[in-house]
Amino acid sequence: MTALPQADCGRIVVDIPPDFHEIPLASAVADRAAAQTSLIETMELSDSGQREGLGLYLEAVARSLGDGPVVGTSFCAVSLAGSPSTATLTLATSRTDTFDPLVALTGIAEALLRRGAHHAVGIERTGPHSVVVARSAPGDAGAALHQITVAVPVPGQPTALLITLATPHAEHLATYEQVVRQVAGSVRVAGG
(Lines give C-alpha, C1' and ligand atoms only; values in the text may rest on other atoms or scores of the structure.)
Protein backbone atom coordinates (compact mmCIF):
# COMPACT_ATOMS: atom_id res chain seq x y z
CA MET A 1 0.00 0.00 0.00
CA THR A 2 1.32 3.44 -0.93
CA ALA A 3 -0.04 6.67 0.53
CA LEU A 4 0.42 9.89 -1.41
CA PRO A 5 0.07 13.20 0.44
CA GLN A 6 -2.62 15.64 -0.66
CA ALA A 7 -2.92 19.01 1.05
CA ASP A 8 -5.96 19.31 3.33
CA CYS A 9 -7.74 16.41 1.60
CA GLY A 10 -6.36 13.37 3.35
CA ARG A 11 -4.11 10.97 1.52
CA ILE A 12 -4.63 9.15 -1.75
CA VAL A 13 -3.98 5.46 -1.09
CA VAL A 14 -3.22 2.81 -3.71
CA ASP A 15 -2.20 -0.83 -3.46
CA ILE A 16 1.01 -1.61 -5.38
CA PRO A 17 1.83 -5.28 -6.08
CA PRO A 18 4.77 -6.64 -4.06
CA ASP A 19 6.83 -7.39 -7.20
CA PHE A 20 7.16 -3.63 -7.75
CA HIS A 21 9.97 -1.88 -5.88
CA GLU A 22 9.56 1.83 -5.15
CA ILE A 23 12.22 4.04 -6.70
CA PRO A 24 13.50 6.63 -4.22
CA LEU A 25 12.68 10.15 -5.43
CA ALA A 26 13.96 12.25 -2.50
CA SER A 27 15.15 15.67 -3.68
CA ALA A 28 18.22 15.66 -1.40
CA VAL A 29 20.98 13.67 -3.13
CA ALA A 30 22.29 12.13 0.12
CA ASP A 31 18.80 10.95 1.12
CA ARG A 32 18.13 9.55 -2.34
CA ALA A 33 21.50 7.75 -2.47
CA ALA A 34 20.91 6.17 0.96
CA ALA A 35 17.44 5.00 -0.08
CA GLN A 36 18.79 3.62 -3.37
CA THR A 37 21.52 1.69 -1.53
CA SER A 38 18.93 0.28 0.87
CA LEU A 39 16.73 -0.84 -2.04
CA ILE A 40 19.67 -2.50 -3.81
CA GLU A 41 20.53 -4.34 -0.58
CA THR A 42 16.98 -5.71 -0.24
CA MET A 43 17.19 -7.13 -3.78
CA GLU A 44 20.12 -9.35 -2.72
CA LEU A 45 22.02 -8.99 -5.99
CA SER A 46 25.43 -10.67 -5.74
CA ASP A 47 26.79 -9.56 -9.12
CA SER A 48 28.57 -6.20 -8.78
CA GLY A 49 27.70 -5.28 -12.40
CA GLN A 50 23.99 -5.82 -11.72
CA ARG A 51 24.21 -3.77 -8.53
CA GLU A 52 25.97 -0.92 -10.34
CA GLY A 53 23.56 -1.07 -13.29
CA LEU A 54 20.55 -0.98 -10.97
CA GLY A 55 22.04 1.97 -9.08
CA LEU A 56 22.54 3.90 -12.33
CA TYR A 57 19.00 3.04 -13.45
CA LEU A 58 17.48 4.21 -10.15
CA GLU A 59 19.38 7.50 -10.28
CA ALA A 60 18.51 8.09 -13.94
CA VAL A 61 14.80 7.58 -13.23
CA ALA A 62 14.89 9.83 -10.15
CA ARG A 63 16.64 12.62 -12.05
CA SER A 64 14.38 12.37 -15.09
CA LEU A 65 11.25 12.75 -12.97
CA GLY A 66 12.62 15.81 -11.18
CA ASP A 67 10.08 18.33 -9.96
CA GLY A 68 7.15 17.25 -12.13
CA PRO A 69 3.75 15.96 -11.07
CA VAL A 70 5.11 12.44 -10.38
CA VAL A 71 4.43 11.39 -6.80
CA GLY A 72 5.83 7.87 -6.97
CA THR A 73 7.36 5.32 -9.29
CA SER A 74 8.37 1.70 -8.99
CA PHE A 75 9.83 -1.04 -11.14
CA CYS A 76 9.67 -4.79 -11.40
CA ALA A 77 11.98 -7.34 -12.95
CA VAL A 78 10.30 -10.72 -13.04
CA SER A 79 9.94 -13.81 -15.17
CA LEU A 80 6.67 -14.10 -17.11
CA ALA A 81 5.93 -17.26 -19.08
CA GLY A 82 9.55 -18.29 -18.61
CA SER A 83 11.13 -15.13 -20.03
CA PRO A 84 12.56 -12.04 -18.31
CA SER A 85 10.22 -9.08 -18.12
CA THR A 86 10.53 -5.54 -16.79
CA ALA A 87 8.07 -2.71 -16.25
CA THR A 88 7.80 0.61 -14.48
CA LEU A 89 4.70 1.86 -12.72
CA THR A 90 4.47 5.63 -12.29
CA LEU A 91 1.91 7.63 -10.30
CA ALA A 92 1.27 11.30 -11.03
CA THR A 93 -1.44 13.72 -9.97
CA SER A 94 -3.22 16.24 -12.12
CA ARG A 95 -5.61 18.95 -10.98
CA THR A 96 -9.01 18.62 -12.68
CA ASP A 97 -10.65 21.79 -11.31
CA THR A 98 -13.88 19.83 -10.82
CA PHE A 99 -15.28 17.52 -8.18
CA ASP A 100 -17.54 15.89 -10.80
CA PRO A 101 -15.87 12.63 -11.91
CA LEU A 102 -17.78 12.49 -15.22
CA VAL A 103 -16.64 15.99 -16.18
CA ALA A 104 -13.08 15.10 -15.16
CA LEU A 105 -13.13 11.86 -17.19
CA THR A 106 -14.45 13.60 -20.28
CA GLY A 107 -11.84 16.36 -20.01
CA ILE A 108 -8.96 13.92 -19.47
CA ALA A 109 -10.03 11.71 -22.39
CA GLU A 110 -10.32 14.72 -24.69
CA ALA A 111 -6.92 16.08 -23.63
CA LEU A 112 -5.24 12.70 -24.21
CA LEU A 113 -6.88 12.37 -27.63
CA ARG A 114 -5.72 15.88 -28.62
CA ARG A 115 -2.14 15.05 -27.65
CA GLY A 116 -2.16 12.26 -30.22
CA ALA A 117 0.33 10.15 -28.25
CA HIS A 118 -2.00 7.16 -27.88
CA HIS A 119 -3.52 4.75 -30.38
CA ALA A 120 -6.53 4.09 -28.13
CA VAL A 121 -8.27 6.27 -25.51
CA GLY A 122 -11.58 5.44 -23.86
CA ILE A 123 -13.65 5.63 -20.70
CA GLU A 124 -14.02 2.25 -19.02
CA ARG A 125 -14.86 0.74 -15.65
CA THR A 126 -12.11 -0.59 -13.35
CA GLY A 127 -13.16 -1.87 -9.95
CA PRO A 128 -15.38 0.75 -8.31
CA HIS A 129 -14.18 3.56 -10.60
CA SER A 130 -14.93 4.87 -14.05
CA VAL A 131 -11.54 5.67 -15.55
CA VAL A 132 -9.85 6.84 -18.72
CA VAL A 133 -7.63 4.15 -20.27
CA ALA A 134 -5.04 5.23 -22.85
CA ARG A 135 -2.72 2.85 -24.68
CA SER A 136 0.37 3.66 -26.71
CA ALA A 137 3.02 1.58 -28.39
CA PRO A 138 6.48 2.29 -29.79
CA GLY A 139 6.03 4.62 -32.71
CA ASP A 140 2.92 6.36 -31.30
CA ALA A 141 4.01 10.02 -31.28
CA GLY A 142 7.55 9.06 -30.31
CA ALA A 143 6.66 6.49 -27.62
CA ALA A 144 9.69 4.29 -26.86
CA LEU A 145 7.78 1.67 -24.86
CA HIS A 146 4.38 0.04 -24.69
CA GLN A 147 2.37 2.10 -22.19
CA ILE A 148 -0.99 1.88 -20.51
CA THR A 149 -2.17 4.96 -18.62
CA VAL A 150 -5.24 4.84 -16.42
CA ALA A 151 -6.58 8.16 -15.11
CA VAL A 152 -8.73 7.87 -11.98
CA PRO A 153 -10.69 10.86 -10.61
CA VAL A 154 -9.89 10.88 -6.90
CA PRO A 155 -13.13 10.57 -4.91
CA GLY A 156 -14.17 13.91 -3.37
CA GLN A 157 -11.18 15.84 -4.76
CA PRO A 158 -10.58 18.02 -7.82
CA THR A 159 -7.67 15.74 -8.69
CA ALA A 160 -6.99 12.77 -10.94
CA LEU A 161 -4.37 10.11 -10.31
CA LEU A 162 -2.62 9.03 -13.50
CA ILE A 163 -1.17 5.53 -13.29
CA THR A 164 1.19 4.64 -16.13
CA LEU A 165 2.70 1.25 -16.71
CA ALA A 166 5.48 1.05 -19.30
CA THR A 167 7.26 -2.02 -20.63
CA PRO A 168 9.38 -2.96 -23.63
CA HIS A 169 7.69 -6.39 -23.72
CA ALA A 170 4.63 -6.44 -26.00
CA GLU A 171 4.02 -10.12 -25.23
CA HIS A 172 3.45 -9.29 -21.54
CA LEU A 173 0.99 -6.41 -22.04
CA ALA A 174 -2.09 -8.42 -21.05
CA THR A 175 -0.54 -9.30 -17.68
CA TYR A 176 0.65 -5.74 -17.08
CA GLU A 177 -2.74 -4.33 -18.03
CA GLN A 178 -4.29 -6.47 -15.27
CA VAL A 179 -1.73 -5.01 -12.84
CA VAL A 180 -2.44 -1.37 -13.74
CA ARG A 181 -6.20 -1.99 -13.56
CA GLN A 182 -5.85 -3.55 -10.09
CA VAL A 183 -3.84 -0.54 -8.91
CA ALA A 184 -6.44 1.85 -10.40
CA GLY A 185 -9.28 -0.09 -8.77
CA SER A 186 -7.59 0.29 -5.37
CA VAL A 187 -7.53 4.14 -5.40
CA ARG A 188 -9.14 5.59 -2.29
CA VAL A 189 -8.76 8.51 0.11
CA ALA A 190 -7.78 7.97 3.75
CA GLY A 191 -7.86 10.53 6.57
CA GLY A 192 -9.00 14.05 5.98
State whether the side chain of [X] and the backbone N or O of [Y] hold a donor-acceptor pair below 3.5 Å, judged by distance alone.
X    : Y    : answer
T73  : L89  : yes
H129 : V187 : yes
T96  : P158 : yes
T106 : L102 : yes
R125 : P128 : yes
S186 : D15  : yes

Looking only at heavy atoms, what is the nearest atom pair of [X] and [Y], with distance?
X    : Y    : answer
A87  : L165 : CB-CD2, 4.0 Å
L112 : A134 : CD1-CB, 4.0 Å
A109 : V121 : O-CG1, 3.8 Å
I163 : A184 : CD1-CA, 3.6 Å

Is [Y] reachable from [X] through a run of hydrophobic residues whose side-chain heavy atoms are each under 4.5 Å from the next?
X    : Y    : result
I23  : L145 : no
L91  : V154 : yes
I16  : L80  : yes
L162 : V13  : no
L25  : I40  : yes

Is there a side-chain contact between [X] and [Y] in this structure, where contact means two heavy atoms from C-beta onward sitting under 4.5 Å apart?
X    : Y   : result
P24  : L39 : yes
L54  : F75 : yes
H169 : T86 : yes

* Does E177 have any side-chain contact (heavy atoms from CB on, under 4.5 Å) partners at least two apart in sequence or in another chain, and if so, which? -> R135, I148, R181
* Asked: Between T167 and H146, does a side chain to side chain donor-acceptor pair (under 3.5 Å) hold up when you go through it step by step?
  -> CA-CA 5 Å; T167 182; H146 299 276; over 6 Å; no
* Run the salt-bridge test on E110 and R115 with the 4.0 Å N-O cut-off and return the result as yes or no. =>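 No salt bridge links E110 with R115.
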* Output the distance between atom NE2 (H21) and atom SG (C76), rounded to the nearest 0.5 Å. =>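 So the gap between those two atoms works out to 8.0 Å.
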* Gap separating the CG atom of L161 from the OG atom of S94, nearest 0.5 angstrom -> 10.0 Å
* **Heavy atoms of other groups near E52 CD, more than 12 under 6.0 Å** =>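 No - once you tally the heavy atoms of other residues, nucleotides and ligands closer than 6.0 Å, there are 12 at most.
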* To do: For the residue pair S85 and H172, confirm or rule out a side-chain donor-acceptor distance under 3.5 Å.
  =>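 Yes.
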* To do: Could you check whether the rings of Y176 and F20 sit parallel, tilted or perpendicular, using 30° and 60° as the cut-offs?
  => perpendicular
* Test side chain to side chain contact (heavy atoms under 4.5 Å, CB included) applied to Q147 and H118, step by step -> CA-CA 9 Å; Q147 293 185 41; H118 307 284; 5.7 Å; no
